[in-house]
Number of protein chains: 2
Amino acid sequence: MNSYSPKHIAALIERVGRLLSTEAHAEGLLPVQWETLRYLHKANRFSRTAAAVTAYLGLTKGTVSQTLNALESRGLVAKRIDPKDRRSKRLSLSAKGKRLLRKDPLGVTVTAVNALEHSAQQALDESLGALLASRLTGQGRQPFGQCRDCQYFADQHDDGGPHYCQLLQEKLASKDAEAICYEQLPK
Amino acid sequence: MNSYSPKHIAALIERVGRLLSTEAHAEGLLPVQWETLRYLHKANRFSRTAAAVTAYLGLTKGTVSQTLNALESRGLVAKRIDPKDRRSKRLSLSAKGKRLLRKDPLGVTVTAVNALEHSAQQALDESLGALLASRLTGQGRQPFGQCRDCQYFADQHDDGGPHYCQLLQEKLASKDAEAICYEQLPK
DNA sequence: TCATATGGTATCGACTCAATACCATAAAGG
DNA sequence: CCTTTATGGTATTGAGTCGATACCATATGA
């Protein structure tokens with residue numbers, strides 16, 4: 001059988017990706033804009049900056065700056081200067097932005113994935129994850145893993161209370177532990 | 001564990017796709033141009049037309065026409081009017097185009113896929129294939145399967161000789177049977 | 001023969017994206 | 001301190017994608 005080969009799989013990934021991105025024109029937003037909204041939704045508070053979005057999407061600063069301007073002028077994203085580092089601007093999703101995210105065109109893919117067998121889902125998750133990791137480390141880029149899986153992540157108390165980031169020296173809520181982080185360094 | 005979910009998987013596919021496409025700027029060609037070259041390389045002779053490329057990539061005619069012009073002016077692709085239907089132009093890869101394809105930036109993905117376990121490769125192939133098929137049929141688009149898996153595919157002789165397409169009423173070489181086809185209708 | 005469908009091209013506008021240059025703030029070293 | 005250097009972000013420009021529309025040539029069918 002010729003159809004099953006690494007070459008074929010690689011082409012498949014690219015083709016599925018392209019197909020999804022053409023479907024991702026919805027609600028007047030473009031694919032990159034949706035991805036930016038999604039990122040801001042699941043990133044922790046330290047990671048909602050233009051620089052982090054840049055690293056996450058693999059684009060250049062200028063492009064991301066434009067995208068964020070577009071989202072800001074639609075009232076989906078708000079910028080606020082970081083009081084601790086006045087060069088930096090903290091990004092946040094507005095209520096409108098969160099509401100819009102419920103119409104995420106990625107939803108059709110989600111239902112398609114749901115239709116797969118459970119074992120197939122797990123295999124997809126692991127294989128694509130490994131693929132992503134190998135490409136990222138091959139370029140010295142951040143993995144953007146979950147906060148809880150980070151070297152700097154620590155439980156502050158033994159009683160199951162809030163957590164702590166040893167890098168940024170800040171308290172973390174339980175919710176923060178689930179979020180993805182720009183600074184994350186896998187254990 | 002929160003990281004394993006259809007939503008997460010869908011986002012993963014999109015992100016890997018984007019990452020690959022940013023890597024696909026190589027040799028002065030753009031991602032779409034590479035995909036077009038790849039398509040022309042593996043499509044059978046009936047399927048090397050602008051219309052088929054359009055359907056395969058999910059773009060509009062105009063965009064594909066521009067892309068093909070770019071490839072033609074670089075001497076990578078040749079056009080020839082189809083004598084049987086003088087509206088249509090048959091496309092073919094030039095020797096230069098085939099040579100360039102050896103530097104395909106998708107190669108890095110191929111090696112990454114190769115590094116996965118065999119069972120993971122198989123799972124990827126099947127899951128992504130199913131995903132692609134569900135998205136395509138959901139939009140009434142062609143599956144572009146292999147010629148050999150088509151309803152119109154027939155063995156002309158019992159002695160293992162060349163094959164035959166019952167739709168286009170043309171002989172097929174063994175090589176053709178492996179190629180993907182615009183008209184393919186899965187059995 | 002006339003209408004309609006189909007393959008392809010040309011042109012325009014909105015937008016992405018990389019590249020470059022630039023500004024403001026921060027951090028490190030004398 | 002004051003300078004250098006790094007970093008976060010913006011602005012501008014130019015190449016190119018992509019969709020939309022209009023258009024031309026050839027086929028197909030009533």
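Below, read A as the first sequence line, B as the second, and so on, with proteins coming before strands; counting in each chain starts at 1. These values consider heavy atoms only, across backbone and side chains, with no hydrogens, waters or symmetry-generated copies.
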Let me know the distance between [atom1] of [X] and [atom2] of [N], rounded to the nearest Å.
| X | N | atom1 | atom2 | value |
| --- | --- | --- | --- | --- |
| B/Arg48 | C/dG7 | CZ | P | 17 Å |
| A/Asp82 | D/dT7 | CG | C1' | 13 Å |
| B/Ile81 | D/dC24 | CD1 | C1' | 13 Å |
| A/Lys61 | D/dG8 | NZ | C1' | 6 Å |
| B/Arg80 | C/dG7 | CZ | C1' | 16 Å |
| A/Trp34 | C/dC15 | CH2 | C1' | 17 Å |
| A/Arg86 | C/dT25 | CZ | P | 6 Å |
| B/Leu68 | D/dC18 | CG | P | 12 Å |

Is the distance from OP1 or OP2 of [N] to the nearest side-chain N or O of [X] less than 4.0 Å?
| X | N | answer |
| --- | --- | --- |
| A/Arg18 | D/dC18 | yes |
| B/Lys79 | C/dT9 | yes |
| A/Gln66 | C/dA18 | no |
| A/Ser88 | D/dG9 | yes |
| B/Thr60 | D/dG19 | yes |
| B/Thr63 | D/dC18 | no |
| B/Asn69 | C/dG8 | no |

| request: Would you kindly compare B/Leu30 and B/Lys84 by the position of their nearest DNA chain D nucleotide and give the one closer to the 5′ end? | output: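 Counting from the 5' end, the first nearest nucleotide belongs to B/Leu30.
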
Please determine, for the side chain of [X], which listed nucleotide ([options]) has the closest atom?
| X | options | answer |
| --- | --- | --- |
| A/Ala50 | D/dG9, C/dC12, D/dG16 | D/dG9 |
| A/Arg87 | D/dG9, C/dA24, D/dC18 | C/dA24 |
| A/Ala51 | D/dG9, D/dC18, C/dG8 | D/dG9 |
| B/Leu59 | C/dC15, C/dG8, D/dC18 | D/dC18 |
| A/Asp85 | C/dA26, C/dA18, D/dT17 | C/dA26 |

| Looking only at side chains, do A/His8 and B/Asp125 share a donor and an acceptor under 3.5 Å apart? |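 Yes - a donor-acceptor pair under 3.5 Å links their side chains.
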
| task | State, without any angle test, whether A/Lys7 and B/Asn114 hold a side-chain donor-acceptor pair at a distance under 3.5 Å. | result |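 No, because no side-chain N or O of A/Lys7 sits under 3.5 Å from a partner of the opposite role on B/Asn114.
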
| field | Path from B/Val108 to B/Leu37 over hydrophobic side-chain contacts below 4.5 Å | value |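 Shared cluster, no.
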
| Does any N or O in the side chain of A/Asp104 come within less than 3.5 Å of the main-chain N or O of A/Gly107, such that one atom is a donor and the other an acceptor? |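 Checked: no pair found.
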
| said: Pick the closest DNA chain C nucleotide for B/Tyr182 and for A/Gln33 by heavy atoms, then say which residue is nearer the 5' end. | reply: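 So the residue in question is B/Tyr182.
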
| Are B/Tyr182 and B/Tyr56 an aromatic pair by the rule of ring centers under 6.0 Å? |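 That pair fails the under 6.0 Å test.
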
| said: So A/Thr49, base contact, sugar-phosphate only, or nothing? Heavy-atom distance under 4.0 Å. | reply: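 Here A/Thr49 touches the backbone only, sparing every base.
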
| said: Need one value for B/Val64: base, sugar-phosphate or nothing, where a base atom within 4.0 Å counts as base even if backbone is also close, heavy atoms only. | reply: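 Nothing: the residue B/Val64, judged by heavy atoms under 4.0 Å, touches no strand.
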
| field | Pair A/Lys84 + A/Glu170, salt bridge at N-O below 4.0 Å | value |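 Yes, charged N to carboxylate O under 4.0 Å.
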
